[in-house]
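No experiment lies behind these values; they were computed from the predicted model shown. Labels below follow one simple rule: chain letters A, B, ... track the order of the sequence lines, proteins then strands, and each chain is numbered from 1.
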There are 2 protein chains.
Amino acid sequence: MAKTNLLAADGGFEQPCPIRDVLDRIGDQWSLLVLDALEGGTKRFNELMRTLGDISKQMLSLTLKRLEEDGFVRRTVYPEVPPRVEYDLTPLGHSFLVPMKGLVAWADEHHRHVCEARTHYRTGAR
Amino acid sequence: MAKTNLLAADGGFEQPCPIRDVLDRIGDQWSLLVLDALEGGTKRFNELMRTLGDISKQMLSLTLKRLEEDGFVRRTVYPEVPPRVEYDLTPLGHSFLVPMKGLVAWADEHHRHVCEARTHYRTGAR
DNA sequence: CGGGATCCATCGTGATACTG
DNA sequence: CAGTATCACGATGGATCCCG
């Protein structure tokens with residue numbers, strides 16, 4: 001029973017289940033994209049804005065803060081003027097990229113099937 | 001540059017990027033849990049309710065509909081009374097479990113680190 | 001430049017009641 | 001049993017202005 005039920009409401013009613021906890025964070029619209037953008041190395045705030053393309057300052061700021069809080073991203077402030085802030089992945093963040101890549105690869109590979117399924121669903125499934 | 005930027009706003013401004021498209025679906029609060037619950041085999045509606053434990057009927061219904069539409073789940077209705085409806089994974093759904101397991105395993109393994117990072121963040125990081 | 005604060009629109013989710 | 005309909009609310013995300 002403990003086989004695959006890591007996703008149950010709790011892992012046995014202790015903590016709120018590791019997977020849910022993690023997914024709640026990286027399950028938002030931007031976290032994965034930011035992590036991906038940082039894979040290439042250190043980036044500054046506006047650099048990330050340009051890389052992501054269509055994220056607002058607020059969401060980038062918020063996402064980075066959450067990722068920093070969870071230990072995925074490191075934030076480095078240089079006491080200069082004008083201010084300079086750099087973001088890069090921690091070892092934890094890097095390690096997360098591994099399973100993430102698996103997910104991305106799957107999505108890239110099977111996106112066609114999903115689209116076909118949607119079409120088929122509408123045309124005549126029911 | 002096309003190396004890892006599969007997550008950019010689009011894969012080159014064509015479709016809304018496969019990864020975002022997939023993530024928007026399975027990134028909600030329940031999809032992964034439902035898929036996991038179905039790994040064991042065919043299940044009925046109320047069976048899933050019990051397995052998930054704390055999902056509402058509405059959300060289970062909605063989640064299943066989306067998963068069915070995207071081709072992850074197959075819905076089989078038996079014209080009986082009282083009604084009987086069974087859900088199980090399609091091949092696509094099964095194939096998705098592979099990368100998902102990777103993510104689950106990571107979450108299970110590194111959850112401690114994330115918790116520690118959060119604590120450390122609050123106590124004195126800034 | 002790198003955000004924080006505020007306001008607002010929308011979405012996701014839950015609770016409840018009702019239906020076939 | 002297996003949902004659907006309705007209501008309500010908090011979270012999510014965008015836009016804008018402001019500040020050091």
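Looking at A:T63, its side chain does come within 3.5 Å of a backbone N or O of A:M59 through a donor-acceptor pair. Put simply, the side chain of A:S31 never gets that close to the backbone of A:G27: no donor and acceptor are under 3.5 Å apart. A donor-acceptor pair under 3.5 Å is absent between the side-chain atoms of A:S61 and the main chain of A:K57, judged by distance alone.
Interface limits on DNA chain C: the 5'-most and 3'-most nucleotides within less than 4.0 Å of chain B heavy atoms are C:dT13 to C:dG20. Taking 4.0 Å as the cutoff to heavy atoms of chain B, we find the contact window on DNA chain D bounded by D:dC1 to D:dT6.
Scored by the side chain to side chain contact (heavy atoms under 4.5 Å, CB included) test, B:E116 finds B:R112, B:H113 as partners (sequence neighbours excluded). Under the salt bridge (Lys or Arg N to Asp or Glu O under 4.0 Å) criterion, A:R50 pairs with no residue, sequence neighbours left out. With sequence neighbours excluded, no residue forms a side chain to side chain contact (heavy atoms under 4.5 Å, CB included) with B:V98. Applying the salt bridge (Lys or Arg N to Asp or Glu O under 4.0 Å) criterion to A:R25, with sequence neighbours excluded, gives A:D70. Residues satisfying the salt bridge (Lys or Arg N to Asp or Glu O under 4.0 Å) criterion with A:R74, sequence neighbours excluded, are A:D88. With sequence neighbours excluded, no residue satisfies salt bridge (Lys or Arg N to Asp or Glu O under 4.0 Å) with A:E109.
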Using distance only, find each side-chain donor-acceptor pair of residues 76-83 of chain B under 3.5 Å and give its atom names and separation, not counting sequence neighbours.
unit_1, atom_1, unit_2, atom_2, d
B:Y78, OH, B:E86, OE1, 3.2
B:E80, OE1, B:R84, NE, 3.4
B:E80, OE2, B:R84, NH2, 3.1

For residues 40-49 of chain B, which side-chain donor-acceptor pairs fall under 3.5 Å, sequence neighbours excluded?
unit_1, atom_1, unit_2, atom_2, d
B:K43, NZ, B:A37, O, 3.3
B:E47, OE1, B:R44, N, 2.9

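Residue B:Y78 is out of contact with every strand shown, counting any heavy-atom pair closer than 4.0 Å.
Contacts between residues 55-65 of chain A and DNA chain C, defined by a heavy-atom separation below 4.0 Å, involve A:K57, A:Q58, A:S61, A:K65, listed by number.
Heavy atoms only, all atoms of each residue included: A:Y87 and A:L38 are closest at O-CD2, 3.5 Å.
Inter-residue side-chain proximity for A:V22 and B:W106 is flagged as met; some heavy-atom pair is nearer than 4.5 Å.
Both B:R50 and A:P83 sit near DNA chain D, but only B:R50 has its closest nucleotide nearer the 5' end.
Over its full length, the helix from C:dC1-D:dG20 to C:dG20-D:dC1 turns its helical axis through 40°, comparing axes from the five pairs at each end and rounding to 10°.
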